[in-house]
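Values in this document were obtained by computation on a predicted structure and should not be read as measured data. Lettering of chains follows the sequences in order, A, B, ..., and the numbering in each one begins at 1.
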There are 2 protein chains.
Amino acid sequence: MSDAVSDTEPHAAFSQHDHAHCVATTLQQAERVATERGLRLTPVRRRVLEILLERHSAMGAYDVLERLAEEGFGHQPPVAYRALDFLVANGLAHRIRRINAFIACDHPGEAHHAAFLVCETCNGVAEIPADGLRAMLEAGARSTGFAIGRATIEAAGQCPECRARAEQGTDNEAQE
Amino acid sequence: MSDAVSDTEPHAAFSQHDHAHCVATTLQQAERVATERGLRLTPVRRRVLEILLERHSAMGAYDVLERLAEEGFGHQPPVAYRALDFLVANGLAHRIRRINAFIACDHPGEAHHAAFLVCETCNGVAEIPADGLRAMLEAGARSTGFAIGRATIEAAGQCPECRARAEQGTDNEAQE
DNA sequence: TATTGACTTGTGATAACATAACACATATCT
DNA sequence: AGATATGTGTTATGTTATCACAAGTCAATA
């Protein structure tokens with residue numbers, strides 16, 4: 001049975017790691033980007049980014065809103081949506097359409113195309129590089145004369161951890 | 001400025017074509033598939049497929065529902081969603097997440113992965129083959145240990161027709 | 001510092017998309 | 001016909017997203 005998979009490098013989203021460090025680093029990068037481009041990383045916007053960074057799963061706009069409200073920001077949907085849209089527009093966060101949710105970008109500032117792996121069991125989301133995918137997609141579109149602006153590439157499935165758990169469960173069903 | 005693109009074969013969704021024929025063919029294929037697999041292509045389901053086939057743009061569930069209601073079917077959202085979900089589950093239609101809409105499958109029955117080109121101007125949607133994209137996506141996921149179930153690949157941009165119109169508009173602005 | 005203009009935040013209201021739960025009908029199989 | 005599974009329709013509600021407008025903030029500058 002073995003672990004045909006566990007010998008590969010697991011993605012940060014799907015493994016133990018020094019999360020405090022990972023948050024700090026990404027936040028720092030984001031701040032650098034904002035400064036460089038003259039973006040206004042206001043309190044709400046910054047706080048939303050921090051909230052997203054707390055975890056590697058995506059959050060719905062209303063979940064973010066709830067947090068904001070608790071902390072004294074506005075209580076209405078546009079408060080959350082505006083901040084999220086700002087982050088997405090400036091590459092500091094991504095929108096995951098399959099689950100109507102948002103996630104902080106892994107490496108803001110670096111021009112890149114990303115694809116997302118969405119675990120259907122734990123709702124974790126991993127960002128993987130998609131420059132190659134994007135190129136291939138453009139090649140496909142070219143033959144139709146279509147000009148691509150933005151692309152959404154998302155895969156739903158099971159992350160390594162949940163897959164392992166599922167196998168355990170299979171080995172030993174009748175419990176509970 | 002040439003036409004680096006206009007000498008390629010345009011996609012059916014983005015060009016003139018014998019649509020009646022294109023509908024009939026696809027519907028026939030769909031029926032064959034349903035028979036082969038023992039699916040029950042009931043009146044509502046079949047009608048929804050026909051409605052989707054009328055155009056090469058995607059329709060929202062509520063647009064479909066409105067049509068159904070006019071024709072004597074149920075008036076409540078589940079009526080449309082259930083039929084649409086059935087069609088999607090059986091590969092007779094696809095869901096376009098970027099615009100919360102549904103579109104008939106171009107070639108039901110043939111096992112395939114598809115990507116979609118969504119025109120932001122006219123809302124037309126073209127389905128293009130994505131087996132290569134899928135393979136590349138899986139390769140990318142493999143290194144994280146992630147097991148892909150379904151994938152969503154969508155590009156937003158401008159179709160050749162709308163692009164042409166836009167250029168005309170640019171040549172000759174000031175008109176209304 | 002007062003003014004201006006662009007941008008940001010907050011609000012109430014509402015639109016758009018989607019599902020839950022249940023009753024009844026219809027199909028299939030025996 | 002009776003039993004079972006599946007499909008349809010309904011009411012009700014949940015979830016996601018946007019509109020329109022008022023008020024506040026900020027930076028540039030006269």
For the pair made of [atom1] in [X] and [atom2] in [N], what is the distance, rounded to whole Å?
X       : N      : atom1 : atom2 : answer
A:Phe73 : C:dT8  : CZ    : P     : 15 Å
A:Asp63 : D:dA17 : CG    : P     : 11 Å
A:Glu71 : C:dG10 : CD    : P     : 12 Å
A:Asn90 : C:dC7  : CG    : P     : 13 Å
B:Ile96 : C:dC17 : CD1   : P     : 14 Å
A:Leu39 : D:dC26 : CG    : P     : 17 Å
B:His75 : D:dT11 : NE2   : C1'   : 14 Å
A:Arg45 : C:dC7  : CZ    : P     : 11 Å

Whether [X] contacts [N] is assessed here as follows: a side-chain N or O lying under 4.0 Å from the phosphate OP1 or OP2. Is that the case?
X        : N      : value
A:Thr42  : C:dT9  : yes
A:Asn100 : D:dA17 : yes
A:Gln76  : C:dG10 : no
A:Arg40  : D:dT25 : no
B:Arg82  : D:dT8  : no
A:Arg95  : D:dA17 : yes

Tell me if the side-chain of B:Tyr62 makes a donor-acceptor pair with the base of C:dA15, cut-off 3.5 Å, by modelled atom types.
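Check fails, no donor-acceptor contact within cut-off.
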Plane angle bin for B:His56 and B:His19 - parallel if under 30°, tilted between 30 and 60°, otherwise perpendicular:
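It falls in the perpendicular class, over 60°.
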Which of parallel (below 30°), tilted (30 to 60°) and perpendicular (above 60°) describes B:Phe14 and A:Phe146?
parallel
Considering heavy-atom distances to DNA chain D, does A:Pro78 or B:Gly74 have its closest nucleotide positioned more toward the 5' end?
B:Gly74
Nearest-nucleotide comparison on DNA chain D, the residue closer to the 5′ end among B:Val79 and A:Asp85
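Looking at DNA chain D, the more 5' nearest nucleotide goes with B:Val79.
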Is the base of D:dT18 stacked against the aromatic ring of A:Tyr81, taking ring centres under 5.5 Å apart and planes under 30° as the test?
no
Check: A:Gln158 and A:Glu120 side chains under 4.5 Å, non-hydrogen atoms:
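When only atoms from C-beta onward are counted, A:Gln158 and A:Glu120 do not touch, as no gap falls below 4.5 Å.
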Of B:Pro77 and A:Ala83, whose nearest nucleotide on DNA chain C comes first from the 5' end?
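Taking each residue's closest nucleotide, the earlier one in sequence belongs to A:Ala83.
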Cluster overlap A:Met59 with A:Ile99, hydrophobic side-chain contacts below 4.5 Å:
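In one cluster: no.
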Can you see whether B:Phe86 has B:Arg45 sitting over its ring - NZ or CZ less than 6.0 Å from the centre and within 45° of the normal?
yes
